[in-house]
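Have a look at the structure below before the remarks.
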Amino acid sequence: MSDRTLDAVIVGAGFAGLCMLHRLRGLGFTARVFEAGSGVGGTWFWNRYPGARCDVESLEYSYQFDDALQQEWEWTERYASQPEILRYLNHVADRYDLRRDITLRTRVASAIFDETSDRWQVRTDDGAEVEARFVVMATGCLSSTNTPSIPGRETFTGAMLHTGNWPHEPVAFAGKRVAVIGTGSSGIQAIPLIAAQASHLYVFQRTANFSVPAQNRPLAAAEQLAVKRDYAALRTRGGQMPFGFDTRSTEVSALQVSDAERRAEYEARWAEGGLPFLGSFADMILDARANATAADFIREKIRGLVRDPATAEKLMPRGVVGCKRLCSDTDYFETFNRANVTLVDIAETPIQAITATGVRTASAEYAVDCIVFATGFDAMTGALTRVDIRGKGGRALRDKWAEGPRTYLGLSSAGFPNFFIITGPGSPSVLSNMVPSIEQHANWIAACLDWMRARGLSRIEAAPDAEDAWVAHVNEVADATLYPSCNSWYLGANIPGKPRVFMPYLGFPAYVQKCDEVVAGGYEGFVVG
Ligand code: N01
């Protein structure tokens, strides 16, 4: 092995890359992280739009690898804001002295596997090359932004922003006419804050979304202390829930209880706030009739929150609660009661063009100074396929995945030895609390490298038959739910031409058990040598 050969190159310095680096260094491996941004933080570095905050509670959306860290870090709100999470990640980078192995402002352009040496040749966009035994993609599930190619976009003379790639300097909306295109989680968070500043805000909505109130609040010291007295209990509880955090999920069917009991449960969850709404009943995402009871409840709430009945009607989602990711908001629906906010239903009157001065739909032209794209991401695969990754026989990952991603456990893809993905397609990832999922993967990968080192092994890759069986299993689990029934980004349906394949794996506890069994079986389903 040449002196220049690293044990691992890690791509990305968000939650995943930082944790992976810490884990590998702790086992005595050499590793370097390459990060395109000018700072660490990943998602929380790029998504700086007004209102950006996590919708998993801060006490659970945090690392658990070091009890001292989770004891000492003080969260100030129930749901942490983007600046606070970014501070936390910078603290982690400093606390564990990670920065010396992180190269910022450097994008990995290609990673080519050399079959004769079992080494990856990794090239960065500045033309530098580095050799590594392993590559770990810690590139995030929601990091490759999607800006729709609306005709005339390049002719717009005002400012154009994307929530997922927000400027570092403050953006002043005061006195400005603003268009927000998109009403997913990002749009729903940003819209109330932009509305509070802009002279007029036009919200261009293609599909109305289900959203529940976050009920965010300052985190009381006593509440934080109570969790910290027995942090392990909260982590264990979260790990046993389908989404990997404490949704207070029940085993009860929405169809087995009386109307009054069902309503009481929804009211309690609404008042409690946030994503645990999905834990109201066990069959929420499994049974269309059960789900319809939740959909009716949320629509009734919207009717009560929005004064103008015609606007309320347009804001009412028609589909399945949770099929597109459930949003969590602060005053989203109430924002449409403001005189300076107009909802433009682009399902009814589609956007035809962006002009020099605004947005033109089939029925009107809206003059604006600024357009905010809250139009999401090429989720789960975009950040992987934009890197030129070539495995055995020079085969490109993007070619292998042309009909949709194929992985074993979401961690590895056949034909790409010594190559790992953190929270890749086929793992719980975006259907789970990302931080525990990331840690579980980083731990699994680090233990795998350690196991190989102890046995003098130089190569590990997914066996094609194990991968085929896993892909079939991921689909089988998804097909037993309501998830495939809508055009969500979980299915790639938000990106024109992207194959329609359900990408995440539902069921965090079963998944962790499977990963543990694979290890116990001597890395069952992998070919090692
Ligand atoms: O993106 P999205 P996001 N013309 O894809 C619309 C996480 N997240 O950035 O539904 C017009 O959900 C699109 O319309 P439609 C979370 O996992 C978490 O908001 O396709 N409109 C939709 O309304 C989330 O799910 C947090 O019809 C177009 C919107 O743009 C994920 O990130 C906060 C369009 C995109 O919604 C992505 O959320 C933020 C077009 N051509 C994000 N193309 C929290 O933790 C798309 N749209 C709280």
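When reading the values below, keep in mind they use all heavy atoms of this one structure, side chains included, and skip hydrogens, waters and symmetry mates. No experiment lies behind these values; they were computed from the predicted model shown. Every number for a ligand or one of its atoms is a count from 1 in the order of the listing.
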*Asn475: what forms a side-chain contact (heavy atoms from CB on, under 4.5 Å) with it, not counting sequence neighbours?*
Val471, Asp479
*Apply disulfide bond (SG atoms under 2.5 Å apart) to Cys323 and list each qualifying residue two or more places apart in sequence or on a separate chain.*
Cys486
_What I want to find out is whether Glu348 reaches Arg206 closely enough, with some N-O distance under 4.0 Å, to be called a salt bridge._
no
*asked:* When you compare the side chain of Ser185 with that of Cys327, does any pair of heavy atoms fall below 4.5 Å?
replied: yes
*Any chance the rings of Phe15 and Tyr61 have centres within less than 6.0 Å?*
yes
_Partner residues of Thr43 under the side-chain contact (heavy atoms from CB on, under 4.5 Å) criterion, sequence neighbours left out_ = Asn47
*Check each protein residue for a heavy atom under 4.0 Å from ligand 1 and list those that pass, ordered by chain and number.*
Tyr49, Arg53, Cys54, Asp55, Leu142, Pro148, Ile181, Gly182, Thr183, Gly184, Ser185, Ser186, Gln189, Arg206, Thr207, Lys324, Arg325, Ile346, Ala374, Thr375, Gly376, Phe377, Trp489
